[in-house]
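For ligands, and for the atoms within them, numbers begin at 1 and follow the listed sequence. Computed from a prediction, not measured in an experiment: that's the story for all the values here.
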Amino acid sequence: MSMQTVGRLSQPVVTGTSDCVTVSGSKGLLQREDLLFEVGAANQTGVDLPGLKNRSDRLGGVRRAQPLQLAGLSEPQAVRHYVRLSQKNYAIDLGLFPLGSCTMKHNPRLNEKMARLPGFANIHPLQPESSVQGGLALIDELADWLKRLTGMPAVAMSPKAGAHGELCGMLAIRKALEVRGELASRRRVLVPASAHGTNPATAIQCGFTVDEIKADARGRVDMADLELKLQQTDDIAAIMLTNPNTCGLFETDIKAIADLIHAAGGYFYCDGANFNAIVGRVRPGDLGVDAMHINLHKTFSTPHGGGGPGSGPTVLSDALAPYAPLPFVERTEAGLRLVENDCEESQHSFGRMIAFHGQMGMFVRALAYMLSHGGDGLKQVAEDAVLNANYIQVRLKTVMTPAFSGYCMHEALFSDAFTAEGVETIDIAKALIDEGYHPMTMYFPLVVHGAMLIEPTETESKQELDRFCDVMTDIAARASRGHDSLLTAPVNAPVKRLDETQAARRPVLKWQPPVNEAIAAE
Ligand SMILES: *Cc1c(COP(=O)(O)O)cnc(C)c1O
């Protein structure tokens, strides 16, 4: 082992506050971890093969002249590096993950077991159709559940995330307008001010312009503003509306909104990322929706974030179904088949979004989740998600400021009105890290000042909710007193308070080798 790395430990390293100093930089049983490049050395490696002899160079003069500059490591060094990093991670398997608009919920182990069954895990998209009938049947059955739960006649299974599902829905709308001969004239997509950033981005990506609709004092679409925008126009392509919206509120005027958009000749895209709050209770198809993506990694418990991948099947109304992307599964007399190419039933399809049929591993997990809950269980999922969020809202509303009055749906939204001068949302988020929690969603949605959006999900117990609320109550009390301790948080984390401006403006993204002092002196 190289002495350089050990030599680094001779200086006491300050971790946390000044009364918490260790010689090693480690804390508790968590070891200090340096970058791979700092740990390894070029002449150190896990393999020890003799160099090749008497081999003529077949690289035609393009042989690398300099070493590759990768860190040389033994296998234990590499293993420890990544395990130590993983210990610094926060995960849904460690504790409540309060991020709102994200639905970070427990990933049942049963789903994982099902996805690892060799018959699902080992099939390949290029296998003959006759040998993957079970896989196709699973996709078809999941599609059937999604259609029933949403009350929609068709679903495109291939989109690979929520935003990809938005793209699918908006491309179907675009194609429908093209077939109507109105694509050139209908350019405008209405997007409420509280929308997730992916909504306007998708509209722009599809070549539309975005027109923002105001939120009213109740946190819902401002109907007067919407009506104004729809007056005497024939340039509306669609509205993209999230329901429940990103303020955690049900859009109570949703049917009137659908009617207004349809009367104006446009389509209704519903962002279904928050379907978790209403699954089994409300069918979007009954609300006049034309297209809606469903995040299997939110509503249906498939792993999220770094543990993904995501999956964003998109349900379509009768008006948009003919334009659905290829491929899709079809039941025939002879069995199931994947419709891959243009044919009579797909002559209007807007095309193909991905190489194969979609995220098979996620399909297996989502269907396992549905079957293990059943229809009544899924309804209870929504009810418990809403109950848990309201429990948090009620417990915290005496110390924090709810953004809107009344009950919320699956997430509780607070503004920073309760904080003392000089204390901001970010200080509260950093203090949560010291208390062992990943911060809530902050500064989103933009319509609420210093927004703090908290979504517990249905899988949290009352004990966990109370533990989180106790922590939040203490932090909120300090925030309203303007307590200095918040301004330096986090003090217990491996990385302390960052200079946010420098971190955003001048991020250090690349490791630079230390300047060799001997060479530099020459
Ligand atoms: C998560 C989310 C999206 C995007 O979904 P991804 O799967 O992350 O692409 C879109 N809209 C809302 C409201 C969301 O919460």
Side-chain angles (χ1 to χ4, degrees), residues 92 97-105 107 146 156-171 189 191-206 210 212-213 215 219-221 238-251 254 268-279 284 289 291-315 353-354 358-359 361-363 365-366 382 385 389 408-413 440-448 451-457:
I92 194 67
F97 215 119
L99 277 180
S101 197
C102 279
T103 313
M104 307 295 293
K105 72 164 122 180
N107 312 133
L146 294 174
M157 297 299 287
S158 59
K160 292 192 169 185
H164 206 210
E166 290 175 34
L167 185 65
C168 173
M170 292 306 286
L171 286 175
V189 172
V191 179
S194 66
H196 194 272
T198 49
N199 293 183
T202 301
I204 299 279
Q205 188 85 14
C206 294
V210 170
E212 190 174 284
I213 323 167
R220 273 100 174 169
V221 166
I239 188 171
M240 294 184 84
L241 179 73
T242 309
N243 192 37
N245 68 23
T246 54
C247 296
L249 300 169
F250 194 87
E251 289 284 355
I254 189 160
F268 181 1
Y269 186 90
C270 183
D271 179 328
N274 297 334
F275 194 41
N276 194 41
I278 56 173
V279 59
V289 167
M292 181 181 97
H293 73 262
I294 299 159
N295 306 58
L296 297 186
H297 48 291
K298 293 182 181 172
T299 304
F300 297 109
S301 82
T302 70
H304 199 162
S311 182
T314 303
V315 288
M353 300 189 79
I354 61 170
Q359 305 281 46
M362 298 304 121
F363 295 164
R365 288 171 176 84
C408 59
M409 295 295 291
H410 61 301
E411 51 196 355
L413 178 59
M440 67 275 153
T441 292
M442 45 176 184
Y443 302 109
F444 177 81
L446 303 176
V447 292
V448 169
M452 286 165 251
L453 184 61
I454 302 173
E455 178 180 1
T457 79

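With D271 as the partner, the side-chain contact (heavy atoms from CB on, under 4.5 Å) test is satisfied by one option alone out of M240, H293, M292: H293.
Of the listed residues (H164, H297, K160), the one carrying the non-hydrogen atom nearest atom 7 (O) of ligand 1 is H297. Nearest to atom 15 (O) of ligand 1 by heavy-atom distance, out of G165, S101, S311, is S101. Comparing G310, A163, G312 by heavy-atom distance to atom 4 (C) of ligand 1, the nearest is A163.
The A273 neighbourhood of ligand 1 comprises atoms 2 (C), 11 (N), 12 (C), 13 (C), 14 (C), 15 (O), with distances under 4.0 Å to a heavy atom of that residue. Heavy-atom contacts of T198 reach the following atoms of ligand 1: 10 (C), 11 (N) (cutoff under 4.0 Å).
Defined by atom type and a distance below 3.5 Å, a donor-acceptor pair is missing between the side-chain atoms of E251 and N243. Q359 and S311 form no side-chain donor-acceptor contact under 3.5 Å, judged by distance and modelled atom types alone. E455 and T103 share a donor-acceptor pair across their side chains, judged by distance under 3.5 Å alone.
Considering only non-hydrogen protein atoms, atom 6 (P) of ligand 1 sits nearest to G162 N, 3.4 Å. For atom 1 (C) of ligand 1, the closest heavy atom belonging to the protein is K298 NZ, 1.4 Å. Scanning the protein for heavy atoms near atom 13 (C) of ligand 1, the closest one is D271 OD2, 3.5 Å.
Counting heavy atoms from C-beta outward, I204 and V210 have side chains that approach closer than 4.5 Å.
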(request) Could you go through the side-chain contact (heavy atoms from CB on, under 4.5 Å) check for L146 and F300 one step at a time? (result) CA-CA 10 Å; L146 294 174; F300 297 109; 3.8 Å; yes

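Here the side chain of T314 pairs no donor or acceptor atom with the backbone of A156 at under 3.5 angstrom.
Of the polar atoms of N295, at least one N or O is found under 3.5 Å from an N or O of ligand 1, judged by distance alone.
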